[in-house]
Amino acid sequence: MGKILLVEPDFPIASKSKNHAHFLPIGLLKIGTYHKQNGDCVKLVRGLKHCVFKPDRILITSLFTYWSKYVHEAAEFYHKAYPKARVEIGGIYASLMPEHCKKNSPFAYVYQGLYRRGVAEKVVPDYSLLPEDLDYQIIHTSRGCTRRCTFCGTWKIEPEFKCVDSIKELIGKRRLVFYDNNLLANPKIDRILREISEYRFENRYKLSCESQSGFDLRLLTPELARLLKAARFVNPRVAWDGSYKDRARIKKAIGYLKDAGYNHTDIFVFMIYNCTPSYKEMRKKLDACRRWGVRVIDCRYRPLNYIDDGYKPGRKPQGKNDYYIHKGWEDWQVRRFRRCVREQNIAILLDLPNRRYIPGCERRKVAV
Ligand code: SF4
């Protein structure tokens, strides 16, 4: 029987968000189940802390490449604390930049892709490794993605698209959070959505669902929109990564969701900014969302091999040496775009005239 320590480095995630569905170290929780099933003793630590046992193996996860320094801090800390243990690093950064990872933690073994070619993929994550009970569970109906977007690392880490045709046996909680990269690409998604909409617990409780990634608008149909609504997916998001020219298709996809019964304030559009579409074009995309009354989730682009992000939010200017500023963009545009997104989202939520932000409106609303 081995002693395995699973480590989530001290990533800059606010402690109140650690158990948020978007930040759960789900890969480690699955590896935890796999090793427990094989008779190993497993513990999970989040951050830099000593463990109750002396591990034989230390498995460290990694996330974005620009958070790589936290991974090496953790590797260094645990290597020093348990010099006899074998240190292994896996996850997104390790898969995308294995040489960089090895160079910075030469004592560690570096994994690329899924742990041991996906042995832990078929097991249910071991939520008991977490200090608190969760009111939701993570589900994957697929791994990888059928598309090959240049700015995305998914298909590089998981080149093969694999999916299941049912999730019934996996359901244990009332709230399901889907971690699929492209949920609608699963050819059996209609069957899975029907399964969810018909599912009842013994006490007749129904399920509620959320997809961590945006829905691929090229795959969204009126029928799928209806099935998503019937399966009680909340806050549907469509991804709009391309140019303003795609607006007719986005509008159509949003129309399907509205026709299926979603209110416009429930719908979100994912957008990557500080990337190929210029600032001017991004503002036009943002304005289209204002007209449609849907809110925007913005994501600042950094190249996949970017290892240190020094961006500091706020109004204080920064230069190209501080963080990644895409060709054709400037620091003030990056900041202003972010601010405009937030202000517009407030205006939509508060149903302000023409959905245009009025400075201080949120404070007045609270006072009322
Ligand atoms: S559709 Fe999404 S997950 Fe798939 S390659 Fe493009 S960005 Fe990545």
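Atoms within a ligand are numbered from 1 in the order they appear, just like the ligands themselves. Values in this document were obtained by computation on a predicted structure and should not be read as measured data.
- Taking the six-membered ring where the residue is Trp, the centroids of Y115 and H35 are separated by under 6.0 Å.
- Proximity of C149 to ligand 1, defined as any heavy-atom pair under 4.0 Å, is shared by backbone and side chain alike.
- A donor-acceptor contact closer than 3.5 angstrom is absent between the side chains of H326 and Y279.
- Under 4.0 Å is where a charged nitrogen must lie from a carboxylate oxygen, and between R291 and D287 at least one such pair does.
- The 12-atom threshold is exceeded at CZ of R200, counting heavy atoms of other residues, nucleotides or ligands nearer than 6.0 Å.
- Protein heavy atom in closest approach to atom 1 (S) of ligand 1: C145 SG, 3.7 Å.
- Taking every non-hydrogen atom of N181 and a distance limit under 4.0 Å, the qualifying atoms of ligand 1 come out as 3 (S).
- C152 SG, 2.4 Å is the protein heavy atom nearest to atom 8 (Fe) of ligand 1.
- Applying the 4.0 Å criterion to heavy atoms of W155 picks out, from ligand 1, the atoms 5 (S).
- Heavy-atom minimum distance, V334 versus R300: CG1-CD, 3.8 Å.
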